[in-house]
Amino acid sequence: MLKLFVKSIFSFMIVTLLLSVVNIGCGLKSLDQNQQDVFEQPEKNTLEQQQRTVPSTKPQETSVFTVIEIEDMEYPTLAASIQLPYLAAPNNTVVLSGEHAYLTTEKHLHVIDVSLPQRPSYLTSLAFPNAIGKVLASGDHLVIATPQKFHLVDISQPLQPVIASTGYLPQQHRIKDLDVLDDHLYVHGENDHLYIFYAPRGHAQLVKVVELSPRWWLFSPKADRPNVQQIETSTLERLPGGISEALRSQRGFLQLQSSKNQKVRASSYCLVMEQIQNPMRSAQCDLLIYSAYTKGYDEQEKNEARFKYMFGKDLPAGSGTVAVELYYVGAEGLHYLKAKEGNDPLKMKEGMTLTRGKPKIAYAVSAAEMQQITQYPPETIVLNDKQLELPVGPVTDFQILDGLLYVVSANGFFSIRSLITVKEYLHGDDAQFLSVTPLQANRPISLAVGKGFAYVLATPED
């Protein structure tokens with residue numbers, strides 16, 4: 001009887017052990033397959049892995065950071081990309097500070113070392129309890145917006161970003177937008193007030209509250225900063241009166257969204273704004289460009305005479321030496337590509353082929369580690385002469401640097417165009433469209449530009 005009992009126990013243990021081995025083998029096989037879905041295996045692993053070029057199912061909850069080399073502005077190239085396992089919202093942004101790029105996703109701040117832009121390196125992420133949006137750089141600190149408050153983050157040690165303080169508007173009014181200039185933080189509240197904080201070392205102190213005019217449109221800093229001038233809308237909306245003086249004085253503009261929710265970008269002599277769609281006009285431009293000739297008022301009479309000679313009318317009242325351009329991003333892009341193809345009717349009839357960009361090297365971040373990954377085969381886009389403009393989609397972000405305008409569009413295109421001064425404009429010179437580059441099949445939402453490189457934050461296609 002005892003022998004029979006021992007024999008039964010032994011048989012039961014053998015069966016249990018075999019089942020455990022089978023389960024472990026299946027689990028390891030499943031884990032190995034999941035790793036292959038995300039990470040590239042070592043090149044010398046097997047012949048099968050060496051020949052593998054098509055990755056498996058594309059991860060869903062991700063965002064993509066892309067580095068574009070723009071040393072040759074007519075032929076930008078995609079240098080690298082990093083896939084982050086966090087989804088970015090439309091109000092998330094990327095900004096440069098020193099040798100680092102800082103970008104936000106829904107609840108995280110991410111730090112990426114771009115000291116070698118062709119080989120960007122993910123450093124760390126900082127989690128927030130609630131959703132965050134726009135990020136701005138101010139010295140050794142970042143300003144990060146949320147709908148209810150703003151955070152000042154110490155980045156003196158980029159590997160260890162720390163929230164230095166958190167600020168609120170009086171009565172905890174909701175925040176629409178914010179910008180930084182010198183040591184001051186400008187916060188636009190949803191209660192139609194502008195709040196100005198002094199924030200030099202990670203702590204913000206409210207110093208002024210400006211009640212907004214019912215007709216306010218833009219903000220220009222005054223000479224006695226931090227005070228601002230409100231530029232009001234005009235019946236001649238293309239050239240409101242306050243723009244001319246602000247441009248010619250080179251005081252610039254705060255990059256706060258206008259009262260019509262238009263994005264604003266500015267340099268010392270140039271202002272670029274989104275154009276809001278007008279249902280009464282079928283050919284609405286993407287961007288409005290205001291530029292000024294700032295070498296002195298002694299040229300104004302000559303410029304007025306040139307303007308009247310060239311256009312048969314006087315320079316608009318109050319405009320001084322300011323020119324207004326309409327920028328049709330898609331139309332200019334298609335015209336550029338046609339010219340590049342030599343306007344060959346046969347080529348356009350058969351279809352002009354564009355290939356989406358493929359970064360020279362691509363990475364993915366998982367469990368705070370960055371590893372190289374396989375890439376999807378680039379998508380081919382065919383345009384024919386029946387298409388009136390390049391299908392770039394709506395403009396999602398744009399930046400100004402060194403007299404050039406950089407634009408990203410919803411369907412994954414990156415464009416570079418020159419900006420001209422009023423002097424060039426009055427002499428009949430045209431701005432040059434330098435390049436249009438198809439990016440990966442993602443939706444760009446934010447753009448930062450530095451010396452020789454541009455950086456794009458994108459979300460997966462819808």
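None of these values were measured; they are calculated from a predicted model.
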*Return the orientation label for the Trp216 and Phe219 ring planes: parallel under 30°, perpendicular over 60°, tilted otherwise.*
parallel
_Any side-chain heavy-atom pair of Leu326 and Asp286 under 4.5 Å_ = no
*asked:* Pairing donors with acceptors under 3.5 angstrom, does anything connect the side chains of Gln262 and Trp217?
replied: yes
*Return yes when atom CD of Glu71 has more than 12 non-hydrogen atoms of other residues, nucleotides or ligands closer than 6.0 Å, and no otherwise.*
yes
*Would you check if Leu194 and Leu212 make a side-chain contact, meaning some heavy-atom pair closer than 4.5 Å?*
yes
*Would you indicate whether the side-chain heavy atoms of Leu152 and Val143 approach each other to under 4.5 Å?*
yes
*asked:* Please check: side-chain N/O of Glu190 versus main-chain N/O of His173, any donor-acceptor pairing under 3.5 Å?
replied: no
*Is there a donor in the side chain of Arg119 and an acceptor in the side chain of Tyr363, or the other way round, less than 3.5 Å apart?*
yes
*Which pair of non-hydrogen atoms, one from Thr124 and one from Pro158, has the smallest distance, and what is that distance?*
CG2-O, 3.8 Å
*Do Ser138 side-chain atoms and His141 backbone N/O form a donor-acceptor pair below 3.5 Å?*
no
*Kindly say whether the aromatic ring centers of Phe128 and His108 come within a distance under 6.0 Å.*
no
_Ala101 to Val114 - nearest heavy-atom pair and separation_ = N-CG2, 4.0 Å
_Under a 3.5 Å threshold, yes or no: a donor from one side chain and an acceptor from the other, between Ser125 and His110?_
yes
*Are any non-hydrogen side-chain atoms of Ile112 and Leu103 less than 4.5 angstrom apart?*
yes
*Report yes or no: does Asp397 contribute a side-chain atom to a donor-acceptor pair with the main-chain N or O of Leu447 at less than 3.5 Å?*
yes
*Distance in Å, Ile175 CD1 paired with His188 NE2, rounded so as to fall on 0.5 Å steps*: 11.0 Å
*Exercise: identify the closest heavy-atom pair between Gly333 and Val436*: O-CG1, 4.3 Å
*asked:* If only side-chain N and O atoms count, and only distance matters, is there a donor-acceptor pair under 3.5 Å linking Asn411 with Ser409?
replied: no
*Residue Lys263 excluded, over 12 heavy atoms near NZ under 6.0 Å*: yes
*Arg265 to Phe398, cation-pi by 6.0 Å centre distance and 45° axis angle*: yes
*asked:* Ignoring hydrogens, what is the shortest heavy-atom contact between Tyr327 and Ser415? Give both atom names and the distance.
replied: OH-CB, 4.3 Å
*Would Asn92 and Thr104 count as having a side-chain donor-acceptor pair, cut-off 3.5 Å?*
yes
*Please round to the nearest 0.5 Å and tell me the distance separating atom NZ of Lys107 and atom CG of Asn130.*
6.0 Å
_Are more than 12 heavy atoms, taken from residues, nucleotides or ligands other than Gln148, located less than 6.0 Å from that residue's CD atom?_
yes
_Chi angles and distances behind the side-chain contact (heavy atoms from CB on, under 4.5 Å) call for Leu169, Phe197_ = CA-CA 10 Å; Leu169 297 185; Phe197 294 83; 4.0 Å; yes
*Examine distances only and state if a side-chain atom of Ser63 and a backbone atom of Tyr86 form a donor-acceptor pair shorter than 3.5 Å.*
yes
*If you draw a 6.0 Å radius around CD in Gln432, do more than 12 non-hydrogen atoms from other residues or ligands fall strictly inside?*
no
_Counting neighbours of CZ on Arg201 that are heavy atoms of other residues, nucleotides or ligands and sit closer than 6.0 Å, is the number greater than 12?_
no
_Under 3.5 Å side-chain donor-acceptor pair for Glu74 and Ser435_ = no
_Nearest non-hydrogen partners of Arg356 and Gly412, listed with the distance_ = NH1-O, 3.0 Å
*Exercise: identify the closest heavy-atom pair between Pro161 and Leu109*: CB-CD2, 4.4 Å
*Could you walk me through whether Tyr168 and Phe150 pass the ring-ring contact (aromatic ring centres under 6.0 Å, His included) check?*
CA-CA 7 Å; Tyr168 300 82; Phe150 57 86; 8.0 Å; no
*Please work out whether the ring planes of Tyr102 and His100 are parallel, tilted or perpendicular, with thresholds of 30° and 60°.*
tilted
*Ring-ring centroid check His184 Tyr198, cutoff 6.0 Å*: yes
*Show your working on side-chain contact (heavy atoms from CB on, under 4.5 Å) between Phe414 and Ile68 and close with a plain yes or no.*
CA-CA 9 Å; Phe414 171 71; Ile68 307 173; 3.8 Å; yes
*Could you grab the distance from atom OG of Ser446 to atom OH of Tyr455, nearest 0.5 Å is fine?*
13.5 Å
*Can you check salt bridge (charged side-chain N to carboxylate O under 4.0 Å, His left out) on Glu379 and Lys358, steps first, answer last?*
CA-CA 9 Å; Glu379 176 190 354; Lys358 182 178 180 181; over 6 Å; no
*Can you find a heavy atom in the side chain of Thr66 that is under 4.5 Å from one in the side chain of Ile82?*
no
_Non-hydrogen side-chain atoms of Leu126 and Ile163 separated by less than 4.5 Å_ = yes
*asked:* For the backbone of Pro85 and the side chain of Thr62, can you confirm whether one donor and one acceptor N or O come within less than 3.5 Å of each other?
replied: no
_Within the 3.5 Å criterion, strictly below it, is a donor on Ser366 or Gln371 matched to an acceptor on the partner's side chain?_
no
_Among Thr93, Asp179, Asp177, the one residue meeting side chain to side chain donor-acceptor pair (under 3.5 Å) with Lys134_ = Asp177
*With side chains defined as the heavy atoms from C-beta onward, is the minimum distance between Met273 and Ser258 less than 4.5 Å?*
yes
*asked:* If we count only N and O atoms by modelled type, under 3.5 Å, do the side chains of Arg251 and Gln229 hold a donor and an acceptor together?
replied: yes
